[in-house]
Amino acid sequence: MFMVRRDFDYIRECGKVNSTSAKPVPGILLIGGAEGKKSGEDAATQWFLKRANRGNFLVLRSGGVGRHADWICDHYRDFISSAAELSIDSREAADDPEVIEYIRQADALFIAGGDQNAYEDYWEGTAVEDAINYLINEKKIPIAGTSAGMAILGDYYYVPSHQGVHSSEILNDPFHHNTKDIYHSDFIKVPFLKNVITDTHLDRIDKNHQETRYGRLFGLLARVVHDSNRLSAFAIGLEEGAFVAIDEKGIAKVFGNGADKGQDAYFLQINGAEPEQVKRDLPVIWNNNGQAVKAYKIAGTPEGSGKFDLNNWSNASGGSWEYWFTTGGYAGFKRNPIK
């Protein structure tokens, strides 16, 4: 085991960094955030690591290294040459040449969960941002993100500096103070995620999370449309057990453990009309006769389910369409299957 500690942490959990032999295949893996090493995660991980072509797997994060690279070494050693984690916790570290070399050696990059605001604060506008975009768009390696790591892969991205906004907050006041950190197109450039905002943990309900995030995703999309004055905006939202695998041609399928709930991925597009009301201290109204947003839902399975074409957002199979709308705020928000 090789470890260096400064204002960043780097640990190589297994293998030897190989700088020449791998020929990775590009791809994107979006992860809903909390399946917990079940069959869907295994299938999605294999899909992702096969694209690394026995190259170097790197986990990128802030707040100290974790155990994900170690887990990869324990269960998927035959897929990789090496597995390592790199935690970057200051803007100074994000411009360190040693840090940049660790990143540029990667043949598969996994951006961990955590605090997407820290990722923006520490990495945006630094050599780390340039290195990540080099990997994606020049070296063309596969990239994955879970939770906060998925949030920053969208062309639009929400990185709250305070508490994350709840569905009721954004729908009852689209300019709630927890919505101020919505940004566009100046961070990570991921093919097929142009004009897309993402969200995870859509179905999470527990003592600390009293509302699901479906309304939040809808509200974020409403803000994107309002702020950009454009109808060409999209959203991808995942329940916690869903894994969206997007191949090099922009075709997505969804992995999950095949359970009845918690494995769904949603692909949202505007249905021809901007919101009727997006104003401070007033509820969002985005109705369009109950057809404001079209969403394609695919339930994930271990085999990989469905097909969704991110080139045109219309060719789809293996799932079902829904309309999402609100007649007024959180109380008026509904999701109706299209008959």
Side-chain angles (χ1 to χ4, degrees), residues 8 10 12 15-31 45 47-62 68-69 72 79-88 91 93-112 116 119-120 122-146 148-157 159 183-198 234 236 244-252 309-311:
F8 60 89
Y10 174 79
R12 189 173 71 240
K16 179 180 180 181
V17 174
N18 190 326
S19 60
T20 59
S21 64
K23 295 181 180 179
V25 177
I28 307 160
L29 183 62
L30 306 177
I31 303 171
T45 301
W47 177 92
F48 182 72
L49 292 179
K50 285 176 182 176
R51 291 176 172 264
N53 197 23
R54 294 182 172 83
N56 305 309
F57 174 84
L58 178 66
V59 179
L60 200 60
R61 65 196 320 151
S62 294
H68 192 74
I72 293 291
F79 290 84
I80 56 170
S81 175
S82 67
E85 297 212 15
L86 175 61
S87 177
I88 305 164
R91 294 186 67 82
D95 283 321
D96 189 301
E98 188 173 348
V99 165
I100 304 311
E101 182 60 23
Y102 289 139
I103 295 172
R104 289 174 67 94
Q105 290 171 343
D107 299 301
L109 183 67
F110 181 98
I111 304 180
Q116 61 258 44
Y119 294 165
E120 183 206 29
Y122 295 150
W123 305 349
E124 186 179 349
T126 70
V128 163
E129 177 187 307
D130 294 338
I132 294 171
N133 285 319
Y134 158 77
L135 291 179
I136 297 168
N137 296 295
E138 295 184 46
K139 193 173 179 180
K140 297 185 183 299
I141 73 165
I143 182 166
T146 182
M150 175 175 155
I152 62 171
L153 297 184
D155 191 33
Y156 291 94
Y157 52 101
V159 288
Y183 300 105
H184 178 226
S185 195
D186 56 0
F187 195 8
I188 298 176
K189 312 290 187 182
V190 182
F192 307 117
L193 297 185
K194 182 71 173 175
N195 295 321
V196 175
I197 192 165
T198 70
F234 308 91
I236 298 176
V244 170
I246 305 167
D247 69 15
E248 69 277 13
K249 296 180 180 179
I251 307 301
D309 190 340
L310 293 172
N311 296 283

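Quick caveat: nothing in here was measured; it's all calculated off a predicted structure. What's counted below: heavy atoms across the whole structure, side chains too, no hydrogens, waters or symmetry copies.
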Would you confirm whether Asp155, through its side chain, and Lys194, through its main-chain N or O, come within 3.5 Å as a donor-acceptor pair? no

Can you measure from OG1 (Thr45) to NE2 (His68) and round to the nearest 0.5 angstrom? 6.0 Å

Would you check if the side chain of Glu248 reaches a backbone N or O of Val25 as a donor-acceptor pair within less than 3.5 Å? no

Rounded distance (nearest 0.5 Å) linking atom CD of Glu98 with atom CD1 of Ile100: 10.5 Å

Worked check of side-chain contact (heavy atoms from CB on, under 4.5 Å) between Ile111 and Ile188: CA-CA 12 Å; Ile111 304 180; Ile188 298 176; 4.3 Å; yes

Which distance, rounded to the nearest 0.5 Å, do you find between the CD1 of Ile152 and the CD of Glu124? 9.5 Å

Using 30° and 60° as the class boundaries, would you call the ring planes of Phe48 and Phe57 parallel, tilted or perpendicular? perpendicular

Do any N or O atoms from the side chain of Lys139 and from the backbone of Arg104 form a donor-acceptor pair under 3.5 angstrom? yes

Say you draw a straight line from CG of Leu58 to CZ of Phe110; how long is it, rounded to the nearest 0.5 Å? 11.0 Å

Any donor-acceptor N or O pair under 3.5 Å, side chains Asn56, Tyr102: no

For Ile103 versus Ala131, what's the shortest heavy-atom pair and its separation? CG2-CB, 3.7 Å

Assign the ring pair His184 / Tyr156 to parallel, tilted or perpendicular, where the plane angle (0 to 90°) is split at 30° and 60°. parallel

Considering non-hydrogen atoms only, spot the tightest contact between Ala151 and Tyr157 and give its length. O-CB, 3.3 Å

Shortest non-hydrogen contact from Ser62 toward Ile88: OG-O, 2.8 Å

Taken to the nearest 0.5 Å, the spacing of Leu30 CG from Ile236 CD1 works out to 5.5 Å

For the CZ atom of Arg54 and the CG atom of Asp107, what is their distance to the nearest 0.5 Å? 13.0 Å

What are the two closest non-hydrogen atoms of Glu129 and Gly125, and how far apart are they? OE1-N, 2.7 Å

Contact summary for Gly55 and Ala22, nearest pair of heavy atoms: CA-CB, 3.6 Å

State, yes or no, whether a side-chain contact exists between Ser82 and Asn18 at a heavy-atom distance under 4.5 Å. no

side-chain contact (heavy atoms from CB on, under 4.5 Å) between Leu135 and Ile143, intermediate numbers included: CA-CA 9 Å; Leu135 291 179; Ile143 182 166; over 6 Å; no

For Ile246 against Phe192, the heavy-atom pair lying closest together: CG2-CD1, 4.3 Å

One pair to check against side-chain contact (heavy atoms from CB on, under 4.5 Å): Val196 and Leu310. What are the steps and the verdict? CA-CA 10 Å; Val196 175; Leu310 293 172; over 6 Å; no

Does any non-hydrogen side-chain atom of Leu60 lie less than 4.5 Å from one of Ile132? yes

Any donor-acceptor N/O pair, Thr198 side chain to Met150 backbone, under 3.5 Å: yes

Set out, in order, the CA-CA distance, both residues' side-chain angles and the distance that settles side-chain contact (heavy atoms from CB on, under 4.5 Å) for Val159 and Tyr119, then state yes or no. CA-CA 9 Å; Val159 288; Tyr119 294 165; over 6 Å; no

